[in-house]
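Everything below concerns the one structure shown next.
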Amino acid sequence: MSSRDQILSRVKANKPPQVKLPDVAVFEQGEDGAAEKFTEILNAIGGGVYYVDDYQELLSILRDNYPDHGRIYSPIPDVKALTDCVAIEGSSGHQFADVEWAVIKGHFGVAENGAIWITGDLMEYRSLPFICQRLAIIIKQNDILPTMHDAYRRIGDSTYSYGAFIAGPSKTADIEQSLVLGAHGPKGMAVFIMKDDSVYS
Amino acid sequence: MNVTGKDHAQLAGAFNKDTQRVNWHDETLWWIRAKRDKAVHGLPEWEALRETASKIKHNVLANLDTYLQQFEVNAMGNGVTVHWAADAAEHNRIVHQLLTKKRITRMVKSKSMLTEECGLNEYLAEHGIEVIDSDLGERIVQLAKEPPSHIVLPCIHKKKEEIGDLFHEHLGTPAGNADPQFLTNTARHHLREVFLTRKAALTGVNFAVAETGEIVVCTNEGNADMGAHLADIHIASMGIEKLIPQRKHLGVFLRILTRSATGQPITTYSSHFKSPQPGKEMHIILVDNGRSTQLGREEFRNSLKCIRCGACMNTCPVYRRSGGHSYHNAIAGPIGSILAPNLNMERYADLPFASTLCGSCSNVCPVKIDIHDQLYKWRQVLVKAGYTPKTKTAAMKIMSTTLASPTAYRLAGKAGRMVIKYAPFAVNNALNPWYKQRDMPEAPKQSFREWYNDNRKKKN
Ligand code: SF4
């Protein structure tokens, strides 16, 4: 008998009696915006939040607040057009290691934990939001949900090959519990909330 | 794991020699426990979430064979190769074969307690394959040639000066520099080089969704993603109990996991891997290694609900004062003490006795595992089977009869309070295994029961 069949038959023989699945919809809080809470939590976990009118404003904030902003890379055509971001050759995802700011879109934010849901199609390369030195994510003002239950309701049965909730910069506290931002991934994270939805697309 | 052949009491004795370090270890973990409390108290629905999580996991155990097959079909449909490993040896062989087929001799790994359980690093080293652990805490213990001492905080037992020395020796930092920011930044450069040059990455799995065939990996550092996205082949190893039925159930588990672990609302990254990147490979290894046996042990099967948050360790008065290595098992603390005897009763017979049965673990467990009850039940099973740690046998035998009989318990309690009050030397001696490095508490004048009866009389 193969290991597969062996495992399955042992599990079948040993499993406990049936129990029904509990309802998880009871925890949803609805689609109400929760921007204030989102900002508060994201600040607490080391991320910045900015309200902007358009991409131009976003870029000037990056330049003003982070003077040696270095190379900016974005898969968003409108941002590409506004920066001198050169097309990056290669297709392995390694080539972004020295990108100072990666600017990408997110689907929505979650107020209770400051996380933003992003899928592979918004990243161009899966490595981009991890390997860059700092990460900027854009979401629409109305796309902030209260809890993770609401988040999964929104995600529903949508298809993606890869998706991640990202909440703040990469961090570690492995050395005597001292918090250090920028473990392997981005050292900083900024979330830009677009006030006007029409600019976004 | 138990290379020394020493039991928990002996290993704890060694850890206890340095009182200052023990106090520091104790306080650090208690501080994390306090952060957990703060995060948990912020959610009015916390108890309902625990109950729901526990029920979902119960449903998983009751349907595990069906969910495993559903997961396999869906993962294969997503372009992932699924492997099955009956035990640790088979798991290690599968990883080795996957690497050999691609002529890969160097691999980067993110946190996976399962690979610790399987002894993967040692196995691969014997076969000429270099593995670098990329979680900072795991990298530190790897450089120190030690196993992790905690499932979430692998080097919680190490002082920053010791880490500074390790980095000086292995990564060339200046001698005497023990600044966490500086050391972390050094590790960042060292490990980025590793991520950029390795063609294979192995990650653990926090949750696997039967409905969609996707796996979810949670990290704060981003190391699982760095490894997996940059490599040509991503291998994910998971115990068969990591399944959950549907995607929407992640909402429950992602809310409770990190709040319980460190008091954060969520990890920085909760990554959902569904299909491989174009031109790359993704493999999932489903590992049994004793889990199906534990499933059949009615009294202990609840331990398979564990989501490895570490809260039971942070709160445990014995763990905090004896250190993770004293458990001589990949998973330490209260939950490790329930899981280990399932794998080998003889070798781990001492672990269920390394507890005061205070119940704090069961109170914090986010999936409501009856941890301290299971520890107590293991003691009975082990005593019956003839496997008891030498030092504790006599005392514990009396204890199990006492705890099993309410009258004897009341009498013993009364006698105990008298003894502590009037003859503390009789308790605080080397023959009492619980006195080692512990000051016996001052005896309350009344037990709760006596107090309760008195007060009831007064009221009525
Ligand atoms: S037993 Fe419960 S508290 Fe302990 S690690 Fe597992 S889930 Fe967390």
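Values reported hereafter were calculated over all heavy atoms of this structure, with side chains retained and with hydrogens, waters and symmetry mates removed.
For the pair Thr268(B) and Pro169(A), the tightest heavy-atom approach, listed with the atom from each and the gap, is CG2-O, 3.3 Å.
Counting only residues at least two apart or on different chains, the salt bridge (charged side-chain N to carboxylate O under 4.0 Å, His left out) pairs with a member in residues 109-118 of chain A are Glu112(A)-Arg255(B), Glu112(A)-Arg259(B).
Using a 4.5 Å cut-off on side-chain heavy atoms (C-beta onward), Lys15(A) and Leu64(B) make no contact. Side-chain contact between Thr119(A) and His272(B) is absent, with no heavy-atom pair separated by less than 4.5 Å.
The closest donor-acceptor contact from the side chain of Arg188(B) to the backbone of Gly185(A) lies under 3.5 Å. In this structure a side-chain-to-backbone donor-acceptor pair under 3.5 Å is present from Asn14(A) to Ser292(B). Judged by distance alone, the side chain of Asn59(B) and the main-chain N or O of Val19(A) form a donor-acceptor pair under 3.5 Å. In this structure, Asp65(B) contributes its side chain and Lys12(A) its backbone to no donor-acceptor pair below 3.5 Å. With hydrogens and angles ignored, the 3.5 Å screen pairs a side-chain donor or acceptor of Arg192(B) with a backbone N or O of Ile131(A).
Using modelled atom types and a 3.5 Å distance limit, the side chains of Tyr125(A) and Gln277(B) yield no donor-acceptor pair.
Classification of the His184(A)-Phe195(B) ring pair by plane angle, with boundaries at 30° and 60°, yields perpendicular.
For the atom pair CD1 (Ile175(A)) and OG1 (Thr184(B)), the distance works out to 4.0 Å, reported to the nearest 0.5 Å.
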